[in-house]
Structures are given as structure tokens and as C-alpha cells.
Peer 1: 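Here it is: the structure, laid out below.
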Amino acid sequence: MEAASTIWTNTNVATFSATSAEPYGAVLEGAVAVRGGRILWVGHRDAMPAGILGGQTETVDLGGRWMTPGLIDCHTHLVFAGDRADEFERRLLGESYEEIARSGGGIRSTVTATRAASFDTLLSAAERRLRALASEGVTTVEIKSGYGLELDTEMRMLQVALELERRNPIRVVGTLLGAHALPEEFEGRSAEYLEVVCEEMIPRAAEEGLAACVDAFCEEIAFTAEECGAVFDAAKAHGLPVRLHADQLSDSGGAALAAGHGALSADHLEFASEAGVRAMAAAGTVAVLLPGAFYTLRQTRPPPVDALRESGVPIALATDANPGSSPVLSPLTILQMGCTLFGLTPEEALAGMTRNGARALGLGDEIGTIEEGKAADFAVWDIDHPRELCYWLGGTPCHSVISGGEVASYD
Ligand code: DI6
Ligand code: FE
């Protein structure tokens, strides 16, 4: 076997390999060998193949710490200007999220702030948030547009997302969410706005390689299933896979719509029907659960976790970091909420931020588990068992992050 550039040894490795018989895919007293940013070998440290330890190989002793795949935050709205703490206060005084949205606040108020913000303003605000995620082990983050709702600002948001990847040791997946809300100037003319999305935004984002995916918000306060279907058709015509904000506040037929279009994921799903869940299972669509929004909006009906589990739908978890419904920049908090609020087991929650998060991004062959050939993206933790990552609220046990085979530095 060829020699590794680096071998991390004296570590317990939670590989999250789908083929492992061990809980968490654990390899105790393991070692992980890397070359060219890829995993060359993983196994018990006494079973290292001959030749892997070469004259130039650097060996790093992790002192018995645990290693997991780098966390994947597969659903965020990290790029935006301003905040909506005022609406948080209004909700606590009795108004609902939908009422605030209908009265011109909500997404539209972030749109006003984002349109007025420069590239650099958006970049520095988003970079601060990105670093918060990275400090808790995140090595891949998906970032949606959707606060521009006009061609230029949507593209600027996606360019900021790509610039974040260029400047930081983190993988960024950009998603075009032009169909997030109807902008004020198109009030009563949603068909015309969606023409802009389908005929200007999607072609431009695809041509310039600014987005890897297209998302839409299917909801009474946003777009109908039929409208989202048209957005999906345009995305597919330009070779972009699709995802959907589905059944968050009401059963809008989102889960079935996403499945019917072969979507990578359907996200939220608090009000998803049983038929929707079955359709997702048949289509292989990942369920991305977002307990930060459920918690912040003080929702009471959790997504149908038992049905998802029983029908074999892969479950992912993400922060949904956004200024309205989920001002949450802590993936570890989301792991805790996934268990406490939705009843996931710690192993399911962690698989949701590793293996299944990768699938929701269409990157299941590239990241999400510690297996030969995948990218060398890891998080190293000061814990005695991986279940602890779902247990503490506050106080990150993240020791270090390795991205593409290099220790990630954010100073
Ligand atoms: N669902 C969400 O949770 C975010 N977008 C969406 O479609 C919320 C966006 C916001 O309130 O700013
Ligand atoms: Fe969202």
C-alpha cells in the first residue's frame, strides 16, 4: 500500500459506515491514514497495512480522543443582513410567525436589509456565523440564497457563499432559493415572479456554477405545490437537483411533491402525511429535520419520526440557521434537540449530521462517513462516548477539526 501523508492514531473512530455492525460504526483504538486529502485506510491501529507508514508520514497521537466525520450542516440560510430579534419579541407578545409574515415582516424584512447590504457586509456577517458552526466540528455547510428575491441580490448571496469556501477550510454547497417568498413588488403576481426565478435566476445560477441545488418553500405563506413543481421543472432542465421546504406549518402536499420530482430531500415535515412519507421512501428522498425552527416557533406537532423510521426514509438534521425561525448557530444544540424534541436516538441524530446529511446534498459518495476513498474531513472530540455529543447543552467538546486532511485553522 502507498504511504500516507498523515496517520491519526490512538483514537476511537465513529466511522458512521452504513455497513458496520457496530453502533456508530465504531472502531476502538483505531487509526486513520490520509493521503492527498482522502482517506487511505481506517481500522484498528494494530492492523495497519504494510507500507502505509512511510519515511515522510506524519503520525499524530490523539490521546484516546474520539473522531467522527466532520459534521455536515445540510440546511442553512447563513447569508443575510440584519436580524429579527424584534419579531422574536413580537411573537412572545402574541403574534404568530404567519401573522408577522403576512403583515410585511418575516422573510420580507430580511430581504429589505439584504438587498441594501454590500457583498463585503454580507460576507463578514456570514463568516462570523460560519466560524461558530466550524467551532463545533462542521466541515461542510449548505447555504441557501432566498433573501434577495431579485436576480442581482440572489446571485450576490450565492457569490458570498462561494467566497466563504475560498477563504475558509470548509466545504460550502450553494443552493438557489429564489422561490422563498413573494417579494413585495410582485404582490398578487406570483406567476410573474416565478418566471423571473425560472427564466433568469435558475439559468444564471446554473451557467455560472453558483448553485449546486434548487430549493423552494411550499407553504400557505409562500408558494403552492403546483408553483414549486414548475420551479423544479426549470431546475431539472438546467441539470440542477432539487430540494423542498415541505409541510413545515401545514400539510401542503410538500413531501409527496418532493418525492415525485426525485428531490434529494424534503425538509421540516412537521405536517407531512403518511402518503407523503411513503412516497419519500419509494423515491429515496432524505427527510431533513430542523428542530431549531420547531423549537423557536414553539410548534407542538413534531415530524412523523416513527413513520419515517419504519418506512426506511434516511433522516438528516440541520440547524436551518436563519434570522427568523431558527437563529441557531450550534449544531451540537441541534443534536440535543433532535433527541429531546423529536425522539431520535443519539446514533440517529449523529448519522443525521454525518452520513445522511451528505446524502441530502447528493454527496453521499464523497463525505459523511470515515471510509476509504472519502474526503478526509473529521472532527476530534474530548468525550468518552459519541452519545455525549447529543447530551450536553453548551460547552463544546470539539478538540480540533480536520478538513481535506489538514488541521483547520480559523484564526
Ligand atoms: N423556512 C424556514 O425555516 C426559513 N425559511 C423557510 O422557508 C425561515 C426563513 C425566515 O423566516 O427568514
Ligand atoms: Fe430553511
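As the structure lists them, so they are numbered: ligands from 1, and atoms in each ligand from 1. The first residue in the sequence is number 1, and the count goes up from there.
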Peer 1: Just checking, is any N or O donor in the side chain of Thr369 or Glu371 under 3.5 Å from an acceptor N or O on the other one?
Peer 2: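 Side chains of Thr369 and Glu371: pair found under 3.5 Å.
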
Peer 1: Heavy atoms only: which of Tyr147, Phe217, Phe80 is nearest to atom 9 (C) of ligand 1?
Peer 2: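 Considering heavy atoms of Tyr147, Phe217, Phe80, the nearest to atom 9 (C) of ligand 1 sits in Tyr147.
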
Peer 1: Could you identify the N, O or S atom of Asp320 positioned closest to the Fe ion (ligand 2)?
Peer 2: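 Of all N, O or S atoms belonging to Asp320, OD1 is the one nearest the Fe ion (ligand 2).
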
Peer 1: Does even one non-hydrogen atom of Arg84 get within less than 4.0 Å of ligand 1?
Peer 2: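 Yes, Arg84 has heavy atoms under 4.0 Å from ligand 1.
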
Peer 1: May I ask you to check whether Asp267 brings an N, O or S atom to under 2.8 Å from the Fe ion (ligand 2)?
Peer 2: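 Asp267 does not place any N, O or S atom closer than 2.8 Å to the Fe ion (ligand 2).
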
Peer 1: Using a strict cut-off of less than 4.0 Å between a Lys/Arg side-chain nitrogen and an Asp/Glu carboxylate oxygen, indicate whether Arg115 and Glu184 qualify as a salt bridge.
Peer 2: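 No, Arg115 and Glu184 are not salt-bridged.
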
Peer 1: For ligand 1, which atoms sit closer than 4.0 Å to a heavy atom of His268?
Peer 2: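 Ligand 1 atoms under the 4.0 Å threshold to His268: 1 (N), 2 (C), 3 (O).
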
Peer 1: Under 2.8 Å from the Fe ion (ligand 2) - does any N, O or S atom of His77 fall there?
Peer 2: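 A backbone or side-chain N, O or S atom of His77 is under 2.8 Å from the Fe ion (ligand 2).
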
Peer 1: Distance to 0.1 Å, residue and atom name: give those for the protein heavy atom nearest to atom 11 (O) of ligand 1.
Peer 2: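 Result for atom 11 (O) of ligand 1: Tyr97 OH, 2.5 Å.
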
Peer 1: Only one of Arg243, His245, Glu142 forms a side chain to side chain donor-acceptor pair (under 3.5 Å) with His75, so which one is it?
Peer 2: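 When side chain to side chain donor-acceptor pair (under 3.5 Å) is applied between His75 and each of Arg243, His245, Glu142, only His245 qualifies.
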
Peer 1: Could you tell me if any non-hydrogen atom of Asp320 lies under 4.0 Å from any atom of ligand 1?
Peer 2: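 Contact check Asp320 vs ligand 1: positive.
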
Peer 1: Charged N to carboxylate O below 4.0 Å: is that the case for Glu347 and Arg387?
Peer 2: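 Between Arg387 and Glu347 there is no salt bridge, as every charged N stays at least 4.0 Å from the carboxylate O atoms.
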
Peer 1: Going by the atom numbers of ligand 1, which of them fall below 4.0 Å from some non-hydrogen atom of Asn322?
Peer 2: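 Going through ligand 1 atom by atom, the ones under 4.0 Å from Asn322 are 3 (O), 4 (C), 8 (C), 9 (C), 10 (C), 11 (O), 12 (O).
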
Peer 1: Quick one: do Arg167 and Glu127 make a salt bridge, cutoff under 4.0 Å?
Peer 2: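 Yes.
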
Peer 1: If you have a sec, work out which protein heavy atom is nearest atom 6 (C) of ligand 1 and how many Å separate them, to one decimal?
Peer 2: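 Answer for atom 6 (C) of ligand 1: His245 CD2, 3.2 Å.
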
Peer 1: Out of all atoms in ligand 1, which are within 4.0 Å of some heavy atom of Gly324? Include the element for each.
Peer 2: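 That gives atoms 11 (O), 12 (O) of ligand 1.
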
Peer 1: Flag the pair Glu99 and Arg90 as a salt bridge only when some basic side-chain nitrogen lies within less than 4.0 angstrom of an acidic carboxylate oxygen.
Peer 2: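 Judged by the 4.0 Å cut-off on N to carboxylate O distance, Glu99 and Arg90 do not form a salt bridge.
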
Peer 1: Considering non-hydrogen atoms of the protein only, which is the closest contact for atom 5 (N) of ligand 1, and what is the distance?
Peer 2: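 Answer, as residue, atom name and distance: His180 NE2, 2.8 Å.
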
Peer 1: Taking only heavy atoms of Ser325 into account, list the atoms of ligand 1 that are under 4.0 Å away from them.
Peer 2: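 Ligand 1 atoms under the 4.0 Å threshold to Ser325: 2 (C), 3 (O), 4 (C), 8 (C), 11 (O).
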
Peer 1: Quiz question: by atom type and distance under 3.5 Å, do the side chains of Arg84 and Thr110 form a donor-acceptor pair?
Peer 2: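 Yes, Thr110 and Arg84 have a side-chain donor paired with an acceptor closer than 3.5 Å.
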
Peer 1: For Arg189, is there an ion pair with Glu195 - N to carboxylate O distance below 4.0 angstrom?
Peer 2: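 Salt bridge flag = no for Arg189 with Glu195.
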
Peer 1: What class does the angle between the rings of His385 and Trp66 fall in, given that below 30° is parallel, 30 to 60° is tilted and above 60° is perpendicular?
Peer 2: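 Rings of His385 and Trp66: tilted, 30 to 60°.
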
